[in-house]
Amino acid sequence: MDKLKVMTIFGTRPEAIKMAPLVKELERRPEFESCCCVTAQHRQMLDTVLDIFQIKPEFDLDIMEASQSLSTITSKCLLGLEEVFRQVRPDLVLVHGDTSTTFAGALAAFYQKITIGHVEAGLRTGEKYSPYPEEMNRSMVGRLADLHFCPTESNRRNLEAEGVSKGVFVTGNTVIDALGTTVRKDFTFAEDVLNRLDYGEKKVVLVTCHRRENYGQPMEDIMAALANIARTHPEAELVYPVHLSPVVQECAHRHLDGMENVHLIAPLDVEEMHNLMARSYMVLTDSGGLQEEAPALGKPVLVLRKETERPEAVEAGTVKLAGVEYGEIVRLADELLDDPAAYQGMAHAVNPYGDGTACRRIADGILYHSGRRDTPPEPFKSR
């Protein structure tokens with residue numbers, strides 16, 4: 001039987017982190033001919049992940065440009081992928097999650113009648129514009145996809161409620177697989193301030209905030225809350241790798257510059273972010289991926305958003321929704337910094353997102369769907 005030609009497509013750093021271990025799994029399997037295409041929706045941040053995981057894409061659309069719009073990203077991906085598909089004619093295209101690259105990759109494959117697999121399928125908030133544009137990107141890919149690789153049983157139920165029941169596999173999240181490669185006790189940071197931090201005596205708080213729906217008053221309130229937390233907790237060290245967005249840069253520096261226990265640093269690569277997270281006390285974030293990564297490392301998370309498409313960790317107790325209002329963010333952060341029992345209750349909660357073998361389940365699911373394996377993979381079940 002001929003090898004199954006599988007093309008993975010991704011374009012941003014978060015996608016690359018989660019797809020990298022899957023690319024490696026497909027490369028190891030003799031049943032697959034693996035081919036990788038990146039759009040470079042994010043250029044610099046994507047390249048660091050490719051270097052870390054030693055992935056050399058066969059195709060690079062290199063679409064990134066200054067002040068790019070969602071329409072620009074989508075249209076350039078569609079046109080570039082049309083030519084790539086004509087050259088390669090893959091049997092299956094794998095896209096990840098909820099970016100514009102994800103949606104455009106699935107749509108381009110649909111136009112060529114190529115089978116589509118959606119990794120990290122079934123996440124929903126139910127709010128069209130929150131997160132924007134991710135909620136509609138993943139919903140539309142859910143309509144286009146033939147194979148749906150859901151991280152959790154809850155994600156599977158979301159698809160079932162939308163009438164999707166065929167080609168669905170519960171696999172766990174591939175980011176847990178990635179952590180097994182990146183986190184090391186002897187890791188040395190490129191940013192020297194991170195090497196000098198006293199992770200034993202100080203409570204290091206990792207912060208990220210960058211989402212479009214938080215632009216404006218929500219981000220103003222978030223930054224003001226961070227400033228309050230830093231002022232009232234001298235035992236804490238806030239480390240904030242500031243996103244490159246000019247909107248985020250301006251707001252963060254206006255509120256937080258000059259504070260002795262706040263460190264505004266450049267964005268970190270995946271290894272540095274994972275190792276910083278592993279050494280931190282807690283995480284404040286509006287990111288999606290960190291909500292999955294931090295629980296795997298035993299770190300409480302306060303989510304700086306009004307809702308989350310990842311409710312499993314909220315239900316498990318390792319994540320709390322802090323929202324975007326000043327008072328609630330400060331209250332919940334104070335609780336974790338001042339109350340050891342509250343902290344331990346979140347830090348010791350069970351991680352609901354995976355056991356480190358999601359990529360194996362995805363590969364086995366592809367083989368089962370293509371008739372090259374007799375039984376489907378055992379679904380991931382959170383303890």
Side-chain angles (χ1 to χ4, degrees), residues 6 14-15 18-19 22 92-99 102-103 105-107 109-110 113-177 288-289 291-292 295 303 305-319 321 350-355 357-371 373-383:
V6 179
E15 289 173 280
K18 294 181 175 184
M19 288 292 261
L22 181 54
L92 171 68
V93 160
L94 293 174
V95 295
H96 181 280
D98 53 24
T99 70
T102 304
F103 170 57
L107 186 59
F110 167 73
K113 298 184 178 180
I114 299 168
T115 302
I116 301 161
H118 188 195
V119 179
E120 199 177 85
L123 279 67
R124 299 288 187 272
T125 65
E127 298 292 333
K128 182 176 181 179
Y129 292 109
S130 184
Y132 170 78
E134 289 87 356
E135 177 70 5
M136 287 309 297
N137 281 342
R138 58 187 168 227
S139 297
M140 291 186 289
V141 174
R143 294 288 297 149
L144 294 168
D146 305 283
L147 295 173
H148 310 262
F149 300 108
C150 301
T152 70
E153 172 63 18
S154 175
N155 304 146
R156 186 200 66 78
R157 290 197 297 268
N158 288 341
L159 291 179
E160 186 176 52
E162 296 173 358
V164 178
S165 58
K166 294 182 179 180
V168 180
F169 303 88
V170 179
T171 63
N173 199 298
T174 58
V175 76
I176 310 303
D177 301 28
Q291 296 177 51
E292 299 154 346
V303 177
R305 290 168 57 186
K306 295 179 181 178
E307 66 282 304
T308 179
E309 61 276 39
R310 295 166 170 86
E312 297 88 354
V314 177
E315 294 164 6
T318 193
V319 165
L321 274 175
V350 172
N351 172 40
Y353 290 120
D355 57 8
T357 61
C359 295
R360 175 179 59 77
R361 290 191 183 94
I362 291 169
D364 288 346
I366 294 169
L367 294 175
Y368 175 72
H369 180 265
S370 66
R373 176 185 163 100
D374 293 334
T375 57
E378 280 290 318
F380 164 68
K381 293 181 181 178
S382 178
R383 290 178 292 164

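Predicted model, so just to flag it, every value in this text is computed and none were measured.
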Original post:
Is it true that a side-chain atom of Asp177 and a backbone atom of Ala358 form a donor plus acceptor pair closer than 3.5 Å?
Top reply: yes

Original post:
What pair of heavy atoms forms the shortest contact from Asn137 to Phe103, and how long is it?
Top reply: OD1-CB, 3.7 Å

Original post:
Is a salt bridge present between Asp355 and Arg361, judged by a nitrogen-to-oxygen distance below 4.0 Å?
Top reply: yes

Subject >> Spacing of CD1 belonging to Ile176 relative to CG belonging to Asn351, to within rounding of 0.5 Å >> reply: 5.0 Å

Original post:
Is any side-chain heavy atom of Arg138 less than 4.5 Å from a side-chain heavy atom of Thr125?
Top reply: yes

Original post:
Checking side chain to side chain donor-acceptor pair (under 3.5 Å) for the pair Glu312/Thr152: CA distance, chi angles, key distance, verdict?
Top reply: CA-CA 8 Å; Glu312 297 88 354; Thr152 70; 2.5 Å; yes

**OP:** Measure the acute angle between the ring planes of Phe149 and Phe169, then classify it against the limits of 30° and 60° as parallel, tilted or perpendicular.
**Re:** parallel

Subject >> Minimum side-chain heavy-atom gap His148-Val164 below 4.5 Å >> reply: yes

Subject >> Derivation and outcome, salt bridge (charged side-chain N to carboxylate O under 4.0 Å, His left out), residues Glu127 and Lys306 >> reply: CA-CA 11 Å; Glu127 298 292 333; Lys306 295 179 181 178; over 6 Å; no

Original post:
Got a donor-acceptor contact below 3.5 angstrom from the Tyr353 side chain to the Gln291 backbone?
Top reply: no

Subject >> Donor-acceptor pair, side chain of Asp98 and main chain of Glu135, under 3.5 angstrom >> reply: no

Subject >> Pair Glu15 + Lys18, salt bridge at N-O below 4.0 Å >> reply: no

**OP:** Using atom types as modelled and distance alone, determine if a side-chain donor or acceptor of Thr102 lies under 3.5 Å from a backbone N or O of Thr99.
**Re:** yes

**OP:** Considering non-hydrogen atoms only, spot the tightest contact between Pro311 and Ser154 and give its length.
**Re:** CG-OG, 4.3 Å

Subject >> Rounded distance (nearest 0.5 Å) linking atom CG of Leu159 with atom CZ of Arg156 >> reply: 9.0 Å

Original post:
Under 3.5 Å, side chain of His118 to main-chain N/O of Gly97, donor-acceptor pair present?
Top reply: yes

Original post:
Nearest 0.5 Å, what's the OG1-NE2 distance between Thr115 and His369?
Top reply: 6.5 Å

Original post:
What do you reckon, is CD of Glu378 surrounded by more than 12 foreign heavy atoms closer than 6.0 Å?
Top reply: no

Original post:
Are any of the side-chain heavy atoms of Ser139 and Lys128 separated by less than 4.5 Å?
Top reply: no

**OP:** Would you check if Ile366 and Leu94 make a side-chain contact, meaning some heavy-atom pair closer than 4.5 Å?
**Re:** yes

Subject >> Closest non-hydrogen atom pair, Ala109 against Ile116 >> reply: CB-CG1, 3.7 Å

**OP:** Taking the side chain as every heavy atom from C-beta outward, state whether Pro151 and Leu123 have any pair of such atoms under 4.5 Å apart.
**Re:** yes

Original post:
Are side-chain heavy atoms of Thr308 and Leu321 found at a separation under 4.5 Å?
Top reply: yes

Original post:
How long is the gap from OG1 on Thr174 to CD on Glu120, to the nearest 0.5 Å?
Top reply: 7.0 Å

Original post:
Are Glu160 and Arg157 close enough for a salt bridge, meaning some N to O gap below 4.0 Å?
Top reply: no

Original post:
Looking at Leu92 and Gly117, what are the two nearest heavy atoms and their distance?
Top reply: CD1-N, 3.6 Å

Subject >> Residue among Asn158, Thr171, Asn155 satisfying side chain to side chain contact (heavy atoms under 4.5 Å, CB included) with Cys150 >> reply: Asn155

